[in-house]
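The structure appears below as structure tokens.
Counting convention: from 1, in listed order, for ligands and their atoms alike.
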Amino acid sequence: MTDVAHNLQSLRQELDGSGVTLVAVSKYHPVEMLRQAYDAGQRIFGESHVQELDEKYPQLPDDIEWHFIGHLQTNKVKYIAPYISLIHAVDTMKLLREIDKQATKSERTIDCLLQVHVAQEETKFGFLPSELREMMDEGEWRTLTNVRIRGLMCMATNTDDTTQIHREFRQVKELFDEIRAKHFAGDPSFSELSMGMSDDYPIAIEEGSTMIRVGSLIFGQRNYNR
Ligand SMILES: *Cc1c(COP(=O)(O)O)cnc(C)c1O
């Protein structure tokens, strides 16, 4: 049996003093396991399917900070807008506009990260660095009143080539620094760099990650047939 409390404790020890935020990625795991993590002190959970999150959310304590880490379809934003804390993978201006609209309806401000596409073929989602620069320069995002861009997110290529993983994370960190200097000078809210999962989080932290999204290392293997 997976010892969730033990796994969390060893991760926390590793992160101690680093200032890195741990998002416990609980997708495909049953509510009982999330409760074990909650009882062991974890308060930030990441999910990547709207329906699954919508089912779990009402069953768990309301001091949990829910993060949406997966690809989010525009037509599903409305379901999570009333309670979501941070949306990690905003990959189009259209999605950002919809989040702003639904956040306004819920009388909230929703924190968002922009997803950067750097991996080799893993996912088709995310802004290419050039597209991200263009979007930031264009400036429409500044007119959105109920979303706050808190930083960037990325996934590295799923490979054993650690040099490549280092290179991809470093590329996103450099882009993060560039965008912060150009568009958020004097605004401390642009501060989060979400990168690193179970297999590559130590590399991500070396390269400047502020937030890691760890699933299997805490909860064990996912059962996709639930
Ligand atoms: C599933 C998932 C994770 C966690 O992956 P593990 O390898 O289980 O740590 C992190 N980020 C995203 C975007 C995910 O979809």
What is the closest protein heavy atom to [atom], and at what distance does it sit?
atom                    : value
atom 5 (O) of ligand 1  : Met197 CE, 3.6 Å
atom 7 (O) of ligand 1  : Ser216 OG, 3.5 Å
atom 12 (C) of ligand 1 : Ile69 CD1, 3.5 Å
atom 14 (C) of ligand 1 : Lys27 NZ, 3.0 Å
atom 9 (O) of ligand 1  : Ser198 OG, 2.6 Å

Using a 6.0 Å distance limit plus a 45 degree cone around the ring axis, check whether Arg150 lies over the aromatic ring of Phe190.
no
Using heavy atoms and a threshold below 4.0 Å, how should the contact between His88 and ligand 1 be classified: side chain, backbone, both, or neither?
neither
Closer than 4.0 Å to some heavy atom of Arg213 - which atoms of ligand 1 meet that?
4 (C), 9 (O), 10 (C), 11 (N), 12 (C), 13 (C)
In terms of atom number and element, which parts of ligand 1 are under 4.0 angstrom from non-hydrogen atoms of Val214?
9 (O)
With rounding to the nearest 0.5 Å, note down the distance linking CD1 in Ile205 to CG in Asp200.
10.0 Å
Below 4.5 Å, heavy atoms only, C-beta onward: do Tyr28 and Gln221 meet side chain to side chain?
no
Give a yes or no answer on whether the side chain of [X] reaches the backbone of [Y] with a donor-acceptor pair at less than 3.5 Å.
X      : Y      : result
Ser209 : Ser194 : no
Glu138 : Glu140 : yes
His117 : Phe127 : no

Below 3.5 Å, N or O to N or O, backbone or side chain included: is there any such pair between Asp199 and ligand 1?
no
Is there at least one pair of N or O atoms, one from Gly215 and one from ligand 1, spaced under 3.5 Å apart?
yes
Checking side-chain polar atoms at under 3.5 Å, does Glu65 have a donor or acceptor matched by the opposite partner on His67?
yes
